[in-house]
Number of protein chains: 2
Amino acid sequence: MLENSEAETRYQALVSKFRAREYRITPQRLAILRLLAESTDHPSAGRIYQELCDRFPTMSLATVYKTLAVLKEMGEVLELSLGEGENRYDGHNAVPHPHLICTRCGKILDSDVVLDQDVIATAAKASGFKILSHRLDLYGVCPECQKAESGE
Amino acid sequence: MLENSEAETRYQALVSKFRAREYRITPQRLAILRLLAESTDHPSAGRIYQELCDRFPTMSLATVYKTLAVLKEMGEVLELSLGEGENRYDGHNAVPHPHLICTRCGKILDSDVVLDQDVIATAAKASGFKILSHRLDLYGVCPECQKAESGE
DNA sequence: TTAAGTGCAAAGGTTTTGCGAAACT
DNA sequence: AGTTTCGCAAAACCTTTGCACTTAA
């Protein structure tokens, strides 16, 4: 695999943040951080576990969840609770951004559209809430599933 | 309680839709529909169950979940999976609209800000997705919890 | 060396399901 | 009367936790 410098940078940043907080750098954690940095498909805890099992025969699901909990607490991973099946995780980019979710195949893509800050400011003013974060999910059918459907 | 015509209208609409689909009209379902039509606080299944237990000593949580499943399938209730604790349900207004979620007390308010359709159209065009629905959650601290915090 | 992390298995909480009894149409 | 629905209990499912063992610092 050629170097993916974006993923590499993200990986190094995550490792640095672990070090800065004096969390211990274990092989398991490094593997999870690397996978999260490289993934753009928003894997679930189970998926992360599966992928790492080959390389780490002793990897456990508990360790995956515990590491994800640390990352959540650090604000370095977005947890997407979809209401069906497992939660999905975005550690590639922890800054809130919209997600495109295919209701047929479960695929999740990042969207680069920008949510108008006016929307948030207006809502904050009208409600008195101090808004700290947000989440925008767009549900629909991905191009592949559209093709599969029309072909049937 | 004075008549709340908005809630009453919504209740009648839900009952009509059950009839139209030839789903049976049972006292349990009527009670759940009424509660959903009247609620603006996005109750969980457990909450709905509790509230109705007094009036229906034999009400069961399974029936609440089964009725919610029917409503979901009909597209008459929004299910909000928050990732912690129970899912919350909005049957008062099933048209997608933003929610303000207090991360301190769990309160959920409807927001009447409108999500710019351009955002959705742009995301659809860029990704090739056929977008059918969306969800915008704004997380923050509600006025009451802000007050409680500053008072401490 | 020692405090933190791992990994197994068990517990926890929410939601779904199977099935006999009840009840809507 | 014939299905659908109810409601109990059990199962399913995802996630968290307790604890003895291991390991990073």
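The sequence lines fix the lettering, A, B, ..., with proteins before strands; numbering per chain opens at 1.
Salt-bridge annotation for Glu38(B) and Arg34(B): present, with a side-chain N of the basic residue lying under 4.0 Å from a carboxylate O of the acidic one. Arg104(A) and Glu144(A) are not joined by a salt bridge, as no carboxylate oxygen comes within less than 4.0 angstrom of a charged side-chain nitrogen.
When heavy atoms are screened at a 4.0 angstrom cut-off, Pro27(B) is found touching the sugar-phosphate backbone but no base atom.
Distance CG (Leu30(A)) to C1' (dA24(D)): 11 Å, rounded to an integer number of Å. Spacing between atom CD of Gln50(A) and atom P of dC14(D) amounts to 11 Å, rounded to whole angstrom units. Atom-to-atom, CG of Leu61(A) to C1' of dA9(C) comes out at 12 Å; the value is rounded to the nearest Å. Across the protein-nucleic acid pair, Tyr49(B) atom OH and dT14(C) atom P stand 14 Å apart, rounded to whole Å. When the C1' atom of dT22(D) is taken as reference, atom CZ of Phe56(A) falls 15 Å away, rounded to whole Å. Distance CZ (Arg19(B)) to P (dT25(C)): 7 Å, rounded to an integer number of Å. Rounded to whole angstrom, the span from the CD atom of Glu73(B) across to the P atom of dT15(C) amounts to 19 Å. Rounded to whole Å, the distance from CD on Glu86(A) to P on dT16(D) is 12 Å.
Atom CD of Glu84(B) has 12 or fewer neighbouring heavy atoms from other residues, nucleotides or ligands inside a 6.0 Å radius. Around CZ of Arg21(A), the count of heavy atoms belonging to other residues, nucleotides or ligands within 6.0 Å exceeds 12.
If Lys72(B) and Ile25(B) are placed on DNA chain C by their nearest nucleotide, the residue sitting closer to the 5' end is Lys72(B).
Within the structure, every side-chain polar atom (N or O) of Asn87(B) is placed at least 4.0 Å from both OP1 and OP2 of dT14(C).
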Under 3.5 Å, which protein N or O atoms sit close to an N or O of nucleotides 4-7 of chain D? Give each pair with its distance.
| from | atom 1 | to | atom 2 | distance (Å) |
| --- | --- | --- | --- | --- |
| dT4(D) | O4' | Arg24(B) | NH1 | 3.2 |
| dT4(D) | O4' | Arg24(B) | NH2 | 3.4 |
| dT4(D) | O2 | Arg24(B) | NH1 | 3.4 |
| dT5(D) | OP1 | Arg24(B) | N | 3.2 |
| dT5(D) | OP1 | Arg29(B) | NH1 | 2.9 |
| dC6(D) | OP1 | Thr26(B) | OG1 | 2.9 |
| dC6(D) | O3' | Gln28(B) | NE2 | 2.9 |
| dG7(D) | OP1 | Gln28(B) | NE2 | 3.1 |
| dG7(D) | OP1 | Thr58(B) | O | 2.9 |
| dG7(D) | OP1 | Thr58(B) | OG1 | 2.2 |
| dG7(D) | OP2 | Thr63(B) | OG1 | 3.1 |
| dG7(D) | O5' | Thr58(B) | O | 3.1 |
| dG7(D) | O6 | Lys66(B) | NZ | 2.5 |

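In this structure, the side chain of Arg29(B) does not engage the main chain of Tyr23(B) through any donor-acceptor pair within 3.5 Å.
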What's the verdict on side-chain contact (heavy atoms from CB on, under 4.5 Å) for Ile108(A) and Leu82(A), showing C-alpha distance, side-chain angles and the deciding distance? CA-CA 11 Å; Ile108(A) 303 179; Leu82(A) 302 182; 3.8 Å; yes
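Phe56(A) contributes atom CZ, which lies 8.0 Å from atom OG1 of Thr26(A) (distance to the nearest 0.5 angstrom).
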